[in-house]
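Accompanying notes for the structure given below.
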Amino acid sequence: MRSADILADLNPEQLRAVTHPGGPLLVLAGAGSGKTRVITRRIAHLLSRGIAARSILAVTFTNKAAREMRERVTELVGPGAKELTVSTFHSFCVRVLREHADRLGLHRGFTICDESDQLTTVKAALREIRLPETSLHPKAALARISLLKNRCVTPGRALAEAADDFDELVARTYRAYDEVLRRSRSVDFDDLLLLTGVLLDRHADVRRRLQERYRHLLVDEYQDTNGAQYEILRRIAEKHRNLAVVGDDDQSIYGWRGADIRKILNFERDFPGTEVIRLETNYRSTEPILEAANRVIRHNRSRHEKTLRGSCGPGEPVRILEMEDEENEAELIVSEIGFEVRQGRAKFGDFAILFRTQMQPRVFEGRLRASRIPYDLVGGMSFFDRKEVRDVLAYLRLAVNPDDEPSLLRVVNVPPRGVGKTTVDRTLETAAKEGISAGAAFERAGVEPVRAFLRTLADFAARIPSVGLPQAIRQLLGALRYDQEIARCYPDAVSRQARTAAVEEILNLAENYARRAQPPTPDGFLEEVALASEEPEEDEKGRPRDVVTLMTLHAAKGLEFPRVYLVGCEEGLLPHQRSVEENTVEEERRLMYVGITRARRRLTITRAKTRAKYGRREGCLPSRFVFELRGETPPAAPAAPSAKQAAPRRASSPRSARGAR
DNA sequence: CAAAACTGCCTTTTT
DNA sequence: GGCAGTTTTG
């Protein structure tokens with residue numbers, strides 16, 4: 001492909017970013033300013049300058065982003081793109097870790113455990129250090145451990161740096177947690193990043209190999225980078241210093257998951273000699289929408305100064321609607337959508353309803369169903385969270401790795417085989433004392449039903465090579481009478497049907513995998529499933545369906561819609577009450593900013609005057625962000641509960657003391 | 001050991 | 001108000 005085409009239709013700033021010769025580059029890309037375009041063109045440009053595809057590493061946060069990036073580069077340069085490494089942080093790290101597992105004393109065939117396995121593991125860890133769950137809640141411990149891992153802090157360092165008793169408790173739990181994981185031959189999601197960081201830190205030869213291999217690094221959504229990801233990038237890039245990052249600090253909304261906005265704010269300091277390029281021309285939204293966005297985000301103090309400039313021209317003003325309650329909010333929006341579509345002015349796919357919390361869409365779903373409007377609720381319970389899916393995957397993992405403790409505990413009595421809490425507790429006690437895996441402890445204690453179960457799994461594993469993975473799974477489920485278990489748990493035909501369908505779907509996934517992969521292995525399948533994310537719904541032709549989209553503001557980042565409803569703009573909801581208490585309102589404001597900038601042509605902001613919360617109706621004040629986007633100053637103490645609507649019983653509630661300030 | 005009653009919680013969730 | 005996770009009961 002000709003170099004001229006790669007550089008066609010770029011504005012001066014985009015052109016500078018695409019042709020930046022080398023060295024650290026920070027592209028501050030405002031919403032809708034052509035961020036992805038800059039990355040893909042830059043890759044194409046590097047290739048056109050004769051740089052080998054295999055020396056380029058482009059990392060993203062989601063599988064979807066990685067896939068899209070690869071597709072778009074392929075469109076530009078053709079099959080030459082095959083040699084590129086375009087991957088999520090996590091899958092890149094899995095590859096590196098598998099290759100060098102021995103260096104960290106890791107099993108090469110480690111499995112990746114998910115969130116609920118993590119919780120099981122943390123409980124095991126607490127048991128091991130004889131810490132009652134009352135003194136440190138498993139969930140709280142896990143959150144702290146995850147944050148430590150995200151900051152690239154090892155158990156040793158956490159212990160050494162513990163400032164108080166609680167820190168030390170967490171650190172000891174962390175250490176025990178890692179030991180349980182290792183004994184289960186497992187790593188968690190955070191480990192993929194942390195351990196890769198440790199590997200690069202401690203093993204100079206591995207570091208050098210990666211530095212020589214990946215001479216050009218490109219990172220998308222850099223504002224979402226956490227400490228561990230930063231360490232990995234820094235280590236690989238420190239030799240050749242060709243690190244190009246693209247992001248928008250104003251769209252950093254994953255701080256609560258360990259993303260560290262300072263990484264983008266301090267990039268120039270961390271990488272001296274950085275060229276900074278601002279992309280401030282927005283190609284998505286009309287003027288009034290951009291004005292609203294600018295007016296809101298201006299109130300944040302921790303940010304790179306930027307102002308979005310429009311290129312789409314004027315448009316209709318942003319609407320701010322006030323409704324009595326959440327029912328009216330839903331009713332009005334749904335009937336408006338129906339009306340617009342019937343008038344032929346829009347199609348369902350033009351609309352998105354964006355909200356802060358997962359409980360908000362309920363009432364919208366009701367109204368949409370009643371109006372027979374097709375919709376897609378993004379997120380919520382994922383396919384991989386379904387009980388049956390998790391059971392079957394646990395069987396698989398256990399077959400591959402009999403030491404996998406979380407998986408064993410999950411299915412040790414599924415279907416029921418007479419192994420209750422007492423037996424399990426006793427066996428886990430032995431396992432901890434002897435330092436052996438739970439599976440081995442069951443074997444040693446001679447718990448016959450479990451031994452038989454483990455034998456069934458071993459038979460299954462042995463049969464995979466001859467009959468193939470999907471067929472073997474089918475036989476295993478038959479041998480375990482899993483269909484009867486479903487029938488037992490779900491007597492009514494409808495839910496039983498749904499559960500059976502979920503199992504069928506896993507078999508489909510396995511069939512698909514077996515056809516594609518070479519050679520197909522159970523480990524490969526499990527890894528793919530662990531790192532996969534769900535695809536948006538598509539019709540038979542692979543086109544997105546014409547449906548109204550319902551999703552959280554978090555899920556909306558990176559997307560755009562002609563018509564957006566940003567609902568529930570109330571104090572306590574957006575910004576969320578907890579963010580007010582925890583002093584993270586700036587992140588909420590970025591969330592608001594993300595929501596506003598999703599809209600191309602029409603933006604409608606709504607709020608309810610009262611809303612049912614925790615089974616009680618409460619008065620709601622307009623969000624401070626609503627005042628901000630009008631250019632007004634919000635009233636002084638917006639967090640105080642509304643005097644008018646608040647229920648009188650509030651006064652008698654012991655909690656009301658904290659509200660009075 | 002499994003079903004029934006009972007708490008306690010309650011933001012967001014790229015991998 | 002609703003659910004999941006835990007404790008109590010049969």
Side-chain angles (χ1 to χ4, degrees), chain A residues 59-67 87-94 112-116 118-120 123 133-134 137-140 143 146 149-150 187-194 196 220-221 223-226 228-229 251-259 354-360 362-363 378-382 384-385 387 412-425 449 488-489 527-534 551-559 568 572-582 584 587-588 590-592 594-595 611-617:
Chain A
V59 279
T60 63
F61 283 83
T62 66
N63 293 309
K64 183 167 162 247
R67 192 174 348 100
S87 137
T88 64
F89 269 106
H90 292 266
S91 50
F92 173 71
C93 288
V94 171
I112 302 162
C113 75
D114 66 25
E115 217 173 300
S116 85
Q118 285 181 282
L119 210 56
T120 315
K123 286 177 185 165
E133 291 185 7
T134 43
H137 281 283
K139 282 208 174 125
S146 177
K149 288 190 175 188
N150 286 162
V187 300
D188 63 22
F189 278 122
D190 301 322
D191 279 336
L192 296 177
L193 308 174
L194 170 86
T196 304
D220 194 13
E221 306 277 16
Q223 76 280 357
D224 293 331
T225 310
N226 66 32
Q229 289 159 333
Q251 294 186 68
S252 167
I253 54 176
Y254 284 100
W256 52 277
R257 273 201 117 244
L354 308 182
F355 40 83
R356 177 68 240 261
T357 70
Q358 280 295 0
M359 52 171 296
Q360 286 168 267
R362 282 216 168 119
V363 49
V378 178
M381 175 125 108
S382 131
F384 297 104
D385 292 336
K387 179 183 178 300
V412 71
N413 201 31
V414 179
R417 50 180 70 89
V419 183
K421 193 173 180 308
T422 352
T423 316
V424 171
D425 282 349
R488 189 184 66 87
C489 295
E527 180 167 313
E528 190 172 287
V529 171
L531 294 179
S533 58
E534 273 189 283
M551 62 182 147
T552 63
L553 290 163
H554 284 90
K557 193 179 63 158
L559 305 178
L573 206 52
L574 179 64
H576 195 275
Q577 185 55 38
R578 205 145 141 184
S579 75
V580 177
E581 284 157 14
E582 291 172 7
T584 53
E587 182 150 308
E588 300 286 303
R590 293 193 286 269
L591 221 32
M592 180 82 184
V594 166
R611 184 177 292 274
K613 273 181 196 165
Y614 312 133
R616 157 171 314 178
R617 185 147 298 276

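At distances below 3.5 Å, at least one donor-acceptor pair connects side-chain atoms of A:Arg590 with backbone N or O atoms of A:Ser252. No donor-acceptor pair under 3.5 Å is formed between the side chain of A:Asp188 and the backbone N or O of A:Asp114. The main-chain N or O of A:Leu531 is found under 3.5 Å from a side-chain atom of A:Asn63 such that the two form a donor-acceptor pair.
Comparing A:Lys557 and A:Gly418 against DNA chain B, the residue whose closest nucleotide sits nearer the 5' end is A:Gly418.
A:Thr60 comes within 4.0 angstrom of nothing in the nucleic acid, heavy atoms only. Base engagement by A:Asp224 is indicated by at least one non-hydrogen atom pair under 4.0 Å involving a base atom. Contact annotation for A:Ser91: no contact, since no heavy-atom pair falls under 4.0 Å across all strands.
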Checklist entry - How does DNA chain B look in dot-bracket notation if pairs are Watson-Crick or G-U with both distances under 3.5 Å, crossing ones as [ ], other-strand ones as |? => result ||||||||||.....

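Judged as a side-chain hydrogen bond (donor to acceptor under 3.5 Å, both in side chains), and not counting sequence neighbours, the contacts of A:Asp191 are A:Lys149, A:Arg182. Annotation: ring pair (Phe, Tyr, Trp, His ring centres under 6.0 Å) contacts of A:His576 (sequence neighbours excluded): none. With sequence neighbours excluded, the residues satisfying ring pair (Phe, Tyr, Trp, His ring centres under 6.0 Å) with A:Phe92 are A:Tyr214. Scanning for side-chain hydrogen bond (donor to acceptor under 3.5 Å, both in side chains) contacts around A:Ser91 gives A:Ser87, A:Thr88, with sequence neighbours left out.
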For nucleotides 11-13 of chain B, tabulate all protein N/O to nucleotide N/O atom pairs closer than 3.5 Å, reporting atom names and distance.
from	atom 1	to	atom 2	distance (Å)
B:dT11	OP1	A:Arg578	NH1	2.6
B:dT11	OP2	A:Tyr614	OH	3.4
B:dT11	O4'	A:His576	NE2	3.3
B:dT12	OP1	A:Gln358	N	2.4
B:dT12	O4'	A:Arg356	NH2	3.1
B:dT12	O2	A:Trp256	NE1	3.3
B:dT12	O2	A:Arg356	NH2	2.5
B:dT12	O2	A:His554	NE2	3.4
B:dT13	OP1	A:Thr552	OG1	2.5
B:dT13	O2	A:Arg257	NE	2.8

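In plain terms, the two heavy atoms of A:Phe189 and A:Ile112 that are nearest each other are CE2-CG2, 4.0 Å.
C:dT7: glycosidic angle beyond 90° from 0, hence anti.
Residue A:Asn226 places none of its side-chain N or O atoms closer than 4.0 Å to OP1 or OP2 of B:dT14. Residue A:Asn63 places no side-chain N or O under 4.0 Å from the OP1 or OP2 atom of B:dT14.
Between A:Leu559 atom CG and B:dT14 atom C1' there is a gap of 12 Å when expressed in whole angstrom units.
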